[in-house]
There are 2 protein chains.
Amino acid sequence: MNTKELIVGTANKQLIERGYNAFSYKAISEEIGIKTSSIHYYFPTKTDLGISIVQSHSKALADTIEKTKDKNALEKLNKLFLYYKRLVQDDKVCIVSALTSDINTLEEPLRIELIKFSNEVIAWTASILEEGHSQNTIKVMTDVPLKAKMIIANLMALIQITRIEKSKESFDQMTGLILAELTIN
Amino acid sequence: MNTKELIVGTANKQLIERGYNAFSYKAISEEIGIKTSSIHYYFPTKTDLGISIVQSHSKALADTIEKTKDKNALEKLNKLFLYYKRLVQDDKVCIVSALTSDINTLEEPLRIELIKFSNEVIAWTASILEEGHSQNTIKVMTDVPLKAKMIIANLMALIQITRIEKSKESFDQMTGLILAELTIN
DNA sequence: GTCTATATATAGATAGAC
DNA sequence: GTCTATCTATATATAGAC
């Protein structure tokens with residue numbers, strides 16, 4: 001991993017673990033043992049760095065979509081839920097949640113990137129629902145894009161609730177409930 | 001409204017409109033025309049002020065519970081949903097959402113207050129579900145506390161999604177869906 | 001490409017006059 | 001109870017040596 005990637009990775013980790021507050025050049029610099037001025041060499045402004053973080057999530061999602069493209073809808077759905085489960089296990093929140101509280105203070109280019117990523121996640125979820133419908137493994141719903149939005153909203157919020165409770169148990173219970181309601185058995 | 005209440009109200013507004021970042025003594029001081037040192041007179045530390053903000057939400061909730069205590073379960077449920085709809089209309093998020101991203105950076109007393117308020121909201125929601133069940137207006141569910149948690153999680157997340165989309169339309173569609181699934185008609 | 005040094009702004013907080 | 005003045009820490013950011 002080169003320095004640039006290390007910076008993005010570290011910044012991302014701090015952002016989703018401790019919030020937008022803890023995401024600072026100084027904190028990154030201390031963690032990876034490099035001066036803040038060196039971070040500015042790669043990312044002149046904090047907005048530049050923020051954009052790179054969101055784009056790294058975008059890229060990871062694209063990879064997952066590519067890797068699972070030959071799996072069936074149920075397997076894809078499980079993959080999606082597994083992604084959020086991992087976040088919970090690591091006491092992290094989704095990047096969308098992490099930035100949404102502060103959305104009114106973000107510079108326009110970063111806000112645009114965040115919206116773009118959020119739409120990609122929802123679009124993939126919707127495509128899984130459509131596919132599951134045609135494979136007769138996922139229940140038909142009247143408004144697929146709306147349902148996709150609700151599923152993602154649910155996962156985002158469940159992570160937050162789980163965090164407050166400091167118990168990872170109810171996350172599994174609740175995702176179990178959502179999956180049970182979605183799938184045909 | 002006295003100065004102390006004015007400070008809490010202004011701080012709260014900034015917190016849920018622009019996130020934990022924008023919630024600073026300086027920003028409050030500029031908005032209400034008082035020096036930061038005067039704010040410190042009322043709230044020595046930022047944690048003190050944060051606690052007062054959360055407590056003000058707690059008090060508002062207690063008032064709502066008291067005021068609606070003679071209404072039926074469906075009316076209470078509508079009141080609950082209306083509270084979140086108002087937040088969306090004002091481009092605000094729920095206080096729980098606003099602070100959860102940063103929960104790992106909050107001082108213990110503030111974190112405790114946040115958890116307490118979150119539990120109050122969930123408990124009220126659960127009691128509405130129970131009441132609706134006995135009045136035969138709300139569908140029976142296996143695990144009421146879990147369902148209550150999911151409803152609140154849904155509302156919190158819908159606000160966030162709505163914010164990203166800059167469209168208030170899907171909030172109504174989605175809460176409509178939730179209410180339709182919950183109620184007996 | 002990484003460093004030292006520095007600039008400027010702001011953070012939360014305190015002492016003490018009035 | 002509100003002010004001025006000040007403290008210390010930290011923020012993002014830049015200039016320029018190596």
Side-chain angles (χ1 to χ4, degrees), chain A residues 1-55 98-99 101-111 113-114, chain B residues 1-55 98-99 101-111 113-114:
Chain A
M1 184 151 39
N2 61 32
T3 307
K4 195 167 182 175
E5 286 167 346
L6 185 60
I7 293 168
V8 173
T10 306
N12 176 60
K13 203 182 72 184
Q14 293 185 355
L15 175 58
I16 61 185
E17 255 178 29
R18 318 208 317 131
Y20 196 81
N21 274 298
F23 159 45
S24 74
Y25 279 52
K26 182 151 190 276
I28 299 161
S29 118
E30 280 167 1
E31 184 166 338
I32 67 181
I34 194 176
K35 296 293 161 181
T36 58
S37 51
S38 302
I39 303 173
H40 278 287
Y41 170 77
Y42 295 100
F43 305 100
T45 71
K46 193 174 176 176
T47 297
D48 294 324
L49 180 48
I51 289 172
S52 282
I53 293 174
V54 178
Q55 282 174 344
L99 288 174
S101 314
D102 300 281
I103 199 159
N104 289 334
T105 65
L106 303 181
E107 284 189 86
E108 196 59 17
L110 177 52
R111 182 163 34 213
E113 209 60 38
L114 180 61
Chain B
M1 182 150 41
N2 62 29
T3 308
K4 194 167 182 175
E5 288 167 346
L6 185 60
I7 292 168
V8 172
T10 306
N12 176 60
K13 204 182 71 184
Q14 293 185 354
L15 176 57
I16 61 184
E17 256 179 26
R18 317 208 317 131
Y20 196 79
N21 275 298
F23 158 46
S24 74
Y25 279 53
K26 182 152 190 272
I28 300 162
S29 118
E30 279 167 2
E31 183 166 338
I32 67 182
I34 194 176
K35 295 293 161 180
T36 58
S37 51
S38 302
I39 302 173
H40 279 286
Y41 169 77
Y42 295 101
F43 305 98
T45 70
K46 194 174 174 177
T47 297
D48 294 324
L49 181 48
I51 289 171
S52 282
I53 292 174
V54 177
Q55 283 174 343
L99 288 174
S101 315
D102 300 280
I103 198 160
N104 288 335
T105 65
L106 303 181
E107 284 190 86
E108 197 58 17
L110 177 52
R111 183 166 29 213
E113 209 61 38
L114 179 62

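Each chain gets a letter, A, B and so on, in the order the sequences are listed, and its residues count up from 1.
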Contact nearer the 5' end of DNA chain C, comparing A:S37 with B:Y25: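 Mapping each residue to its closest nucleotide by heavy atoms, the 5'-most match is A:S37.
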
Closest-nucleotide 5' rank along DNA chain C - winner of A:Y42 and B:T36: A:Y42

Are any side-chain N or O atoms of [X] and backbone N or O atoms of [Y], one a donor and one an acceptor, separated by less than 3.5 Å?
X: A:T36; Y: A:Y25; answer: no
X: A:T10; Y: A:L6; answer: yes
X: A:D102; Y: B:G19; answer: no

Between [N] ([atom2]) and [X] ([atom1]): distance, integer Å:
X: A:N2; N: C:dG1; atom1: CG; atom2: P; value: 9 Å
X: A:Y41; N: C:dA5; atom1: OH; atom2: P; value: 22 Å
X: B:K26; N: D:dT6; atom1: NZ; atom2: P; value: 18 Å
X: A:L49; N: D:dT12; atom1: CG; atom2: P; value: 10 Å
X: B:I34; N: D:dT4; atom1: CD1; atom2: C1'; value: 14 Å
X: A:D48; N: D:dT14; atom1: CG; atom2: P; value: 10 Å
X: A:I39; N: D:dA11; atom1: CD1; atom2: P; value: 11 Å
X: A:E30; N: D:dA9; atom1: CD; atom2: P; value: 13 Å

Across the strands shown, which category fits A:F43 at heavy-atom distances under 4.0 angstrom: base, sugar-phosphate, nothing?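 If one applies the 4.0 Å heavy-atom cut-off, A:F43 turns out to touch nothing in the nucleic acid.
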
Could you tell me whether the phosphate oxygens of C:dT2, OP1 or OP2, come under 4.0 Å of any side-chain nitrogen or oxygen in A:K35? no

A:S38 side chain near C:dC3 phosphate (N/O to OP1/OP2, under 4.0 Å):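 A:S38 to C:dC3 OP1/OP2: side-chain N or O found under 4.0 Å.
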
Between the side chains of A:R111 and A:E107, is the shortest nitrogen-to-carboxylate-oxygen separation below 4.0 Å, so that they form an ion pair?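 No, A:E107 and A:R111 are not salt-bridged.
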
